[in-house]
Chemist: 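Submitted below is the structure of interest, expressed as structure tokens.
Per chain, numbering begins at 1; letters A, B, ... match sequence-line order.
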Amino acid sequence: NAGVTQTPKFQVLKTGQSMTLQCAQDMNHEYMSWYRQDPGMGLRLIHYSVGAGITDQGEVPNGYNVSRSTTEDFPLRLLSAAPSQTSVYFCASSYGLHQETQYFGPGTRLLVL
Amino acid sequence: GENVEQHPSTLSVQEGDSAVIKCTYSDSASNYFPWYKQELGKGPQLIIDIRSNVGEKKDQRIAVTLNKTAKHFSLHITETQPEDSAVYFCAASRGNAGNMLTFGGGTRLMVKP
């Protein structure tokens, strides 16, 4: 198993540009989520999904969209990038839906100029 | 919502010494407390967790203690080794919050050989 994979590893955007961060898992996990990590602030939940076709907002959802058309994939879309979205983004997944161990991907470092 | 504070933000110890990282939480309904280790350039990885019906849990050189009355929990690493050097995050989750975690700000642990 590859586990949780994320692409790209690093991306530079200009303000106003759009992009999609990819996340995939091959463990047949029902739960997937996106976090952003900023210095001194730990990880903050952006959006999550409890199964294909079901998504919901986390703590900091503004400026981000998600969809979950398959169990394996959970892309994160930035519609109009802003410098405040400069961060490291992590995708995570877990088998169950209740206080289960979450497996994190290697992260995508995003710089918005 | 839940608020998790973590101290210290950096911790330097000599190889073989013990390291203690402390977290406090605000929501008395939180009942699941995982600890994650993040090595440079990688995603966080679960190292140990504890639920509110248990006061202490141990796994080899790592232990976690929980004081529900005071709303704080701690990570203890004994006989530290250079490979323990990493950033450690505590987190908390309520029973009705599914897999949603609130993270502390992180502690950078440096173990000097």
Chemist: Going hydrophobic residue to hydrophobic residue with side-chain gaps under 4.5 angstrom, can you get from B/Val54 over to B/Phe33?
Modeler: yes
Chemist: Non-hydrogen atoms of chain B under 4.5 Å away: do they reach the side chain of A/Leu43, the backbone, both or neither?
Modeler: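 Both parts, backbone and side chain.
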Chemist: Nearest 0.5 Å, what's the CZ-CD distance between A/Phe90 and B/Gln38?
Modeler: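 The CD atom of B/Gln38 is 4.5 Å from CZ of A/Phe90, to the nearest 0.5 Å.
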Chemist: Could you tell me whether B/Gln60 atom CD has more than 12 heavy atoms of other residues or ligands within 6.0 Å of it?
Modeler: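 Not buried by this count: 12 neighbours or fewer within 6.0 Å.
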Chemist: To the nearest 0.5 Å, what is the distance between OG (A/Ser93) and CG (B/Asn99)?
Modeler: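 Answer rounded to 0.5 Å: 10.0 Å.
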Chemist: For A/Gln37, which atoms come within 4.5 Å of any heavy atom of chain B: side chain, backbone, both, or neither?
Modeler: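 A/Gln37 touches chain B through side-chain heavy atoms alone.
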Chemist: Is there a chain of hydrophobic side chains (I, L, V, M, F, W, Y, each step under 4.5 Å between heavy atoms) that links B/Tyr88 to B/Leu66?
Modeler: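 In one cluster with B/Tyr88: B/Leu66, yes.
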Chemist: Between B/Ile50 and B/Val20, is there a shared hydrophobic cluster once you connect ILVMFWY residues whose side-chain heavy atoms come closer than 4.5 Å?
Modeler: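 No: no chain of side-chain contacts under 4.5 Å links B/Ile50 to B/Val20.
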Chemist: What part of B/Pro44 gets within 4.5 angstrom of chain A, counting heavy atoms only: side chain, backbone, both, or neither?
Modeler: both
Chemist: Using non-hydrogen atoms and a 4.5 Å limit, figure out which bit of B/Arg94 sits close to chain A: side chain, backbone, both or neither.
Modeler: backbone
Chemist: Examine whether an atom of B/Ser9 lies under 4.5 Å from a heavy atom of chain A, and if so say whether it belongs to the side chain, the backbone or both; otherwise answer neither.
Modeler: neither
Chemist: For atom CZ of A/Arg77, decide whether the heavy atoms of other residues, nucleotides or ligands shown that lie under 6.0 angstrom number more than 12.
Modeler: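 For A/Arg77, atom CZ is crowded (more than 12 foreign heavy atoms under 6.0 Å).
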Chemist: If you draw a 6.0 Å radius around CG in B/Leu40, do more than 12 non-hydrogen atoms from other residues or ligands fall strictly inside?
Modeler: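 Counting other residues, nucleotides and ligands, CG of B/Leu40 stays at 12 neighbours or fewer.
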Chemist: Would you find more than 12 non-hydrogen atoms of other residues, nucleotides or ligands less than 6.0 Å from B/Gln81 atom CD?
Modeler: yes
Chemist: Are B/Leu109 and B/Val87 connected in the hydrophobic side-chain network, where two residues link if heavy atoms are under 4.5 Å apart?
Modeler: no
Chemist: In Å and rounded to the nearest 0.5 Å, what is the CG to CD distance from B/Leu46 to A/Glu100?
Modeler: 11.0 Å
Chemist: Measuring from B/Gln45:CD to A/Phe104:CZ, what's the distance to the nearest 0.5 Å?
Modeler: 11.0 Å
Chemist: So which part of B/Gln6 gets closer than 4.5 Å to some heavy atom of chain A, the side chain, the backbone, both or neither?
Modeler: neither
Chemist: OG1 of B/Thr102 to CZ of A/Arg44: how many Å apart, nearest 0.5 Å?
Modeler: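 CZ of A/Arg44 is found 11.5 Å from OG1 of B/Thr102.
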Chemist: What part of A/Tyr35 gets within 4.5 angstrom of chain B, counting heavy atoms only: side chain, backbone, both, or neither?
Modeler: side chain
Chemist: Please examine the side chains of B/Leu101 and A/Gln102, heavy atoms only from C-beta on, and report whether any two atoms are closer than 4.5 Å.
Modeler: yes
Chemist: At a heavy-atom separation under 4.5 Å, does B/Tyr32 approach chain A through its side chain, its backbone, both, or neither?
Modeler: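 Its backbone and side chain both get close to chain A.
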Chemist: Determine whether A/Tyr89 and A/Tyr31 fall in the same hydrophobic cluster, where Ile, Leu, Val, Met, Phe, Trp and Tyr are linked whenever their side-chain heavy atoms lie under 4.5 Å apart.
Modeler: no
